[in-house]
Amino acid sequence: MPSSANLLLVNARVLTMDRRMPHAAAVAVSGHHIVAVGSDSEILSHQAPWSEVIDCLGLPLLPGINDAHCHVLATASSLSSVDCGPACITSLDQLLSAIASRAEVTPSGQWVRGSGLDPGSLAERRLPTRWELDSVASGNPVRINHSSGHALALNSLGLALAGIEKATPDPVDGVIDRDPETGEPTGVLFEAATFLRERLGPTRSQEEFISGVSRLSKRLLACGITSVQDAGPENGIQQWQIFKSLVEDEVFRPRVVMMAGVRNLDQFAGSNLGWGSGNRSLSLGHAKIMLTLTTGSLQPAPEDLAQLGSSARKLGFPVAIHAIEQEAIEAIVSLPELLKPLPAYPARDGTVAPRSVPRSRIEHCAECPPPVMDMVARSGATVVTQPGFIYWRGDSYRQRVAPHLIPHLFDCGALVARGVPLAFGSDSPVIDPSPWPGIYSAITSRTLTGGHYPRPGFPCAPNGQKGPGISLQNAVEAHTLGAARAEGSASTKGVIRPDMLADLILLDTGLEEESLHRLPRAQSLVTIVGGKILWRQGSV
């Protein structure tokens, strides 16, 4: 007689991500795990008097979405900031008006924040200066974050609180923009988030912080996100303790893998924490390295990059390297030792079974023409990329990116064709955390406005109807099983199969070709994490 299950999901179109059984109609859950996958009659044989049965109404039932690259705390903070994204702000006048309105209702001396500003979407195509911000909020410190997270603007009071003046030297890996005639800081800073954090400390109340994280948790569950991989390059023991409290107090409900800032690895080693430490709700992931061209040359330089990678490997950490530009990607794949697989080692939870350390990763891999793509494929690295950027920003990229690179931006099809291990993330708060616009764009190669991105070998059809994207299976896999592989947890999640963790979502729209136009607005009707229903809406 089949074992009883506490939760039965029937009458579904189950996309399992299991190549041995790609499709099914129903799933049985007992405790934290899936116990059976099959037909309605097979699953209903597990019913007991206490079982809850959910009629899925013929809708898609999928493994929970795993956002393989996001910034949880920054996204939570953005929810209480002035929305400066392209949908709201298209000129500096609009920006200053929005900041003035917020300043009017903010007590003197308290911070006014804006997030998501994309200067490329402004008529003036630049960040505001300190003096412009002073004109509308001189009594409040003001901080406007660039949508990329790699730049920001402060007003004069904000600069003063951070102790930034004419004689202040630039951060090690960043730049304090200065007036060319006077040398005075303009208020614009590049790659200065850590620099400011060290000078300013916390600038939000605990109540405001907890409220933002709670709101984000609900929003992610509503999108069907059951796991996140936090890619903060400054993550250290302090951030680990913050996440530990948020998870234990159930303020943040999706599972978390927190990357470790490569320059903070000694903090973790000193606390006897290494890759894989933690549990299924919160664990320690790759060592994060930033490789940028902000200062005009690669930072860190290739020899320093190699040293950082070597230090991480000695402590048992695979690396995850931020690389957007072609030059940065080439530098990474030109250092084979950086990406060399690490051996398996005994788990830190005391078990004798060795844990398989995942591959090292290239994060973003945005500008990747064919010769570089071939090098990436030979490197053996996993690529964690963000097709959502094509959906949300593809139209503006045509105006800002060199024409010869346009067909090769976030080219998921080329990655799949070359067999590159692939995972998807959102990079939230840079763009919206919902996975569905990115999945849609990966399949259709279309932008928010319907614009088409021609890909190599797939020129835009005259009627603009057919796109060269990857298959639905590949796109969903990159956000489920592929993301689990990228973090090293494919043995426990990412697939709907008996004995796997019961992280499941019921999508509110079909996945057939005729339904794809609705995918960017998709939501989860039911989100299950570890067998618990954490989100439910509608009549399901």
Side-chain angles (χ1 to χ4, degrees), residues 2-47 51-66 221-227 424 435-436 439-440 443 470-485 489-516 518-519 522-540:
S3 59
S4 60
N6 58 283
L7 179 62
L8 309 175
L9 299 113
V10 300
N11 187 26
R13 303 189 68 172
V14 185
L15 187 59
T16 67
M17 298 296 117
D18 184 352
R19 298 187 188 281
R20 293 171 293 183
M21 183 193 285
H23 303 281
V27 175
V29 173
S30 181
H32 299 292
H33 293 83
I34 296 166
V35 294
V37 181
S39 66
D40 285 343
S41 60
E42 289 171 331
I43 296 309
L44 287 171
S45 69
H46 293 265
Q47 186 173 3
S51 301
E52 179 178 3
V53 179
I54 295 178
D55 181 351
C56 296
L57 307 176
L59 291 167
L61 184 68
L62 312 175
I65 294 294
N66 188 332
L221 293 171
C223 292
I225 295 172
T226 58
S227 295
F424 287 168
W436 304 108
I439 289 175
Y440 169 81
I443 296 167
I470 62 178
S471 69
L472 170 67
Q473 174 79 21
N474 287 145
V476 175
E477 182 173 297
H479 247 316
T480 53
L481 179 57
R485 286 175 178 149
S489 62
S491 63
T492 59
K493 64 183 181 182
V495 176
I496 299 178
R497 179 194 302 150
D499 299 323
M500 301 294 278
L501 289 170
D503 294 359
L504 304 162
I505 61 170
L506 181 65
L507 205 60
D508 68 353
T509 184
L511 295 174
E512 301 79 14
E513 186 173 351
E514 60 270 19
S515 302
L516 283 182
R518 293 195 292 269
L519 197 54
Q523 292 277 299
S524 177
L525 294 176
V526 179
T527 301
I528 301 166
V529 181
K532 294 182 179 180
I533 298 174
L534 299 185
W535 173 262
R536 196 169 192 165
Q537 62 178 333
S539 58
V540 175

Of all heavy-atom pairs linking Ala26 and Asp40, the shortest is CB-OD1, 3.5 Å
Quick one: does any side-chain atom of His479 pair with a main-chain N or O of Asn66 as donor and acceptor, under 3.5 Å? yes
- Task: Look only at the side chain of Gln537 and the backbone of Ser524, and say whether a donor-acceptor pair between them is shorter than 3.5 Å.
- Result: yes
Got Arg13 and Leu511 here, is their nearest side-chain heavy-atom distance under 4.5 Å? no
For atom CD of Glu512, is the number of surrounding heavy atoms from other residues, nucleotides or ligands below 6.0 Å larger than 12?
yes
Exactly one candidate in Ile528, Val526, Leu525 meets side-chain contact (heavy atoms from CB on, under 4.5 Å) with Arg536; the answer is Val526
| said: Measuring only between side-chain heavy atoms, which start at C-beta, is Ser4 closer than 4.5 Å to Ser30? | reply: no
Listed pairs under 3.5 Å, donor-acceptor, residues 495-507 side chains, sequence neighbours left out:
unit_1 : atom_1 : unit_2 : atom_2 : d
Arg497 : NE     : Asp18  : OD2    : 3.1
Asp503 : OD1    : Arg255 : NH2    : 2.9
Asp503 : OD1    : Gly530 : N      : 2.8
Asp503 : OD2    : Arg255 : NE     : 2.7

| said: Side chains of Thr16 and Val27, heavy atoms from C-beta outward: is any pair under 4.5 Å? | reply: no
Between the OG1 atom in Thr480 and the CZ atom in Phe424, the distance rounded to the nearest 0.5 Å is 10.5 Å
Nearest heavy-atom contact between His46 and Leu8 is CB-CD2, 4.1 Å
Apply the test side chain to side chain contact (heavy atoms under 4.5 Å, CB included) to residues Leu62 and Met17: give CA-CA distance (whole Å), side-chain angles for both, the deciding distance (0.1 Å), then the verdict. CA-CA 8 Å; Leu62 312 175; Met17 298 296 117; 5.8 Å; no
On a heavy-atom basis, the closest approach of Pro60 and Gly510 is CG-CA, 4.0 Å
For the backbone of Trp535 and the side chain of Thr527, can you confirm whether one donor and one acceptor N or O come within less than 3.5 Å of each other? no
Q: For the pair Ser39 (side chain) and Glu42 (backbone), establish whether a donor and an acceptor sit closer than 3.5 Å, ignoring hydrogens and angles.
A: yes
Review point. Is Thr509 reaching over with its side chain to a backbone N or O of Leu519, donor-acceptor style, under 3.5 angstrom?
Key: no
query: Are more than 12 heavy atoms from other residues, nucleotides or ligands located less than 6.0 Å from atom NE2 of His32?
result: no
